[in-house]
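All chains are named by letter (A, B, ...) in the order of the sequence lines, taking the proteins before the strands, and each is independently numbered beginning at 1. These numbers come from a predicted model, not from an experiment.
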Amino acid sequence: MTRAATVQRKLAFTVIGWSVGLLLFFPILWTLLTSFKTEGAAIQLPPKFLWFDWTLENYFEIQRRSDYLKHALNSGILSVGSTVLGLVVAVPAAWAMAFSPTRHTKNILMWMLSTKMLPPVAALVPMYLLFRDFGLLDTRGGLLAVLMLVNLPIIVWMLFTYFKEIPGEILEAARMDGADAAREIIYILAPMATPGIASTLLLNIILAWNEAFWTLNLTAADAAPLSAFIASYSSPEGLFWAKLSAASTLAIAPILVMGWFSQKQLVRGLTFGAVK
Amino acid sequence: MPTLHAHATARLAMSPAVALLLAWMLVPLGMTLYFSFLRYNLLMPGLESFTGLGNYQFFLTDPAFFDALANTLLLVGGVLLVTVVGGVGLAVLLDQPFWGRGVVRLLVVAPFFVMPTVSALVWKNMLMHPVNGLFAWVAQGLGVAPVDWLAQLPLFSITMIVAWGWLPFATLILLTALQSLSREQKEAAEMDGAGPLAVFAHITLPHLARALTVVVLIETIFLLSVFAEIFVTTNGGPGTATTNLSFLIYAQALLQYDVGGASAGGVVAIVLANLVAVFLIRLIGKNLDA
């Protein structure tokens, strides 16, 4: 290929690539823009893309009207809390399976994975009744436990695939050199395991933040995180698109940024190591 | 005896995770199975009675069940079609060198991180609204009558909304697989005179086969349980036009308060999901040996 042809080809792909990318991103961009409009401008046709009276009013309004920050705080507590709790349980388990495998290890891993494949709706009735009888409906504690259990198989699996890549010989070498268990953990294991644990943490916070089956069914006004709170904008009483957009923008912005940082881990985490 | 000691420690380290997941599986499963044989309505407490297979008979002969089964299959099939075909196209596109490719990649993967309730409401209102939505404005500009998407084409509309969220997932996985394809192999084929289409059909696609299988199986597991998108847009309607199995069971349980019927439905849903899960587990298990 000549140089001119290469440049031409690159230019063509640049145009196609950006067009497709912007088209797929458009609903998010449109939500962001609409969040700065007045309610009147939000439903106006023909739509104004940039030349409208920009306002921050909607962002204050969603806080005044529906205590947005409470639900954002719920989202934060539930997603971070359930993930950290999951890690506390999963790190020792994944560690043992990666470094002291027995003939049952593979079966245990496969069984854990299979629990993730049960349709959540099949557990809806029992969970609802248990939550009702133990007074857990619309409490953060109850939902936190459920979100932790929902994501536990993914956490164990992700950690396992990361730990598998740590060479076991390093541990033996350290032991030969006379390192005791505490030193082994602090100086050798922790530095090597930290990146994998951080990736797992990030991806599972994202998954828990966006979870919308259990949050919709087990919470109401008090414990509702953003994924359930946003659903209150589906009422047909009026078109509050600007406020919906402001609430939506704040709900997806932090997770989108985290998601952009964790693209690679996403592939590994959600394919259970089958594609790396 | 260091190994025996190590094994005991390992077992101890695993036990909390195993115990929790065992409880998380067995308790709801056992309860669902038990309730599925009871006549049990939350509005009539204390009147529970054994009814054998009555709930199954009721659930499996309900016309709504067949609608829900068809809708579930159409929704899963439709989203798979869009995401697999679109995902292969996008992955090949993002594998080409062009200016700003890194940024475009960020734009393409973004929808995956939008929570389902937000994406459904944004699409329902700002894009698909028959009067004030952007699609209606585009239709006007083209001189055609605006479509009331969620009323006239409800299942198609929900398929689009869900597919928008899953397209990035397929793209990312296929792109990851594509990038492990060696340049030399492609170049060798081009040297031998293979055109771009021949290279795609005989080298790229076979290389993607495994990643494609993974995408199809994992998406199927998640798509069988689509719920929030339906909950905030159509509530299963009009009629049962967008009621899938998940939504039907939810409605039976928390709108009709029919614990028995919903539980029988839950058992049916587990059986259906298992048909897919068996294949996925086998595939991932094979990978674990390698």
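Contacts of Val214(B) with chain A are made by side-chain atoms alone, with heavy-atom separations under 4.5 Å and no backbone atom involved. For Tyr250(B), the parts lying near chain A are the backbone and the side chain together; criterion is any non-hydrogen pair under 4.5 Å. Only the side chain of Ile221(B) comes within less than 4.5 Å of a heavy atom of chain A; its backbone N, CA, C and O stay farther away. For chain A, no part of Leu94(B) is nearby; none of its heavy atoms comes within less than 4.5 Å. Looking at Leu127(B), only its side chain comes within 4.5 Å of chain A, counting heavy atoms on both sides. Of the atoms belonging to Val131(B), it is backbone heavy atoms, and not side-chain ones, that fall under 4.5 Å from chain A. With a 4.5 angstrom heavy-atom cutoff, Ile155(A) does not touch chain B via any of its atoms. Heavy-atom distances place the side chain of Phe222(B), and not its backbone, under 4.5 Å from chain A. Within the 4.5 angstrom heavy-atom criterion, no atom of Leu217(B) approaches chain A. In this structure, chain A has a heavy atom under 4.5 Å from the side chain of Leu90(B), while its backbone stays farther away. Contact of Tyr34(B) with chain A is not made at all, since no heavy-atom distance falls under 4.5 Å. Within the 4.5 angstrom heavy-atom criterion, atoms from both the backbone and the side chain of Thr32(B) approach chain A.
Taking CD1 of Ile108(A) as the reference point, atom CE of Met14(B) lies at 4.0 Å (rounded to 0.5 Å). With values rounded to the nearest 0.5 angstrom, Phe13(A) atom CZ is found 4.0 Å from Gln96(B) atom CD.
Within the structure, ring pair (Phe, Tyr, Trp, His ring centres under 6.0 Å) contacts touching residues 98-118 of chain A (residues at least two apart or in different chains) are Trp95(A)-Phe99(A).
When each of Ile28(A), Val20(A), Thr34(A), Thr115(A) is scored by its heavy-atom pairs under 4.5 Å with chain B, the top score falls to Ile28(A).
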| task | Mind running side-chain contact (heavy atoms from CB on, under 4.5 Å) on Thr271(A) and Ile218(B) for me, showing each step along the way? | result | CA-CA 7 Å; Thr271(A) 62; Ile218(B) 289 177; 4.2 Å; yes
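Trp164(B) places a side-chain N or O within 3.5 Å of a backbone atom of Leu24(A) that can act as its donor or acceptor partner. With hydrogens and angles ignored, the 3.5 Å screen pairs no side-chain donor or acceptor of Trp18(A) with any backbone N or O of Val104(B).
Judged as a salt bridge (charged side-chain N to carboxylate O under 4.0 Å, His left out), and not counting sequence neighbours, Lys116(A) has no contacts.
Counting heavy atoms from C-beta on, the side chains of Leu129(A) and Phe35(B) come closer than 4.5 Å.
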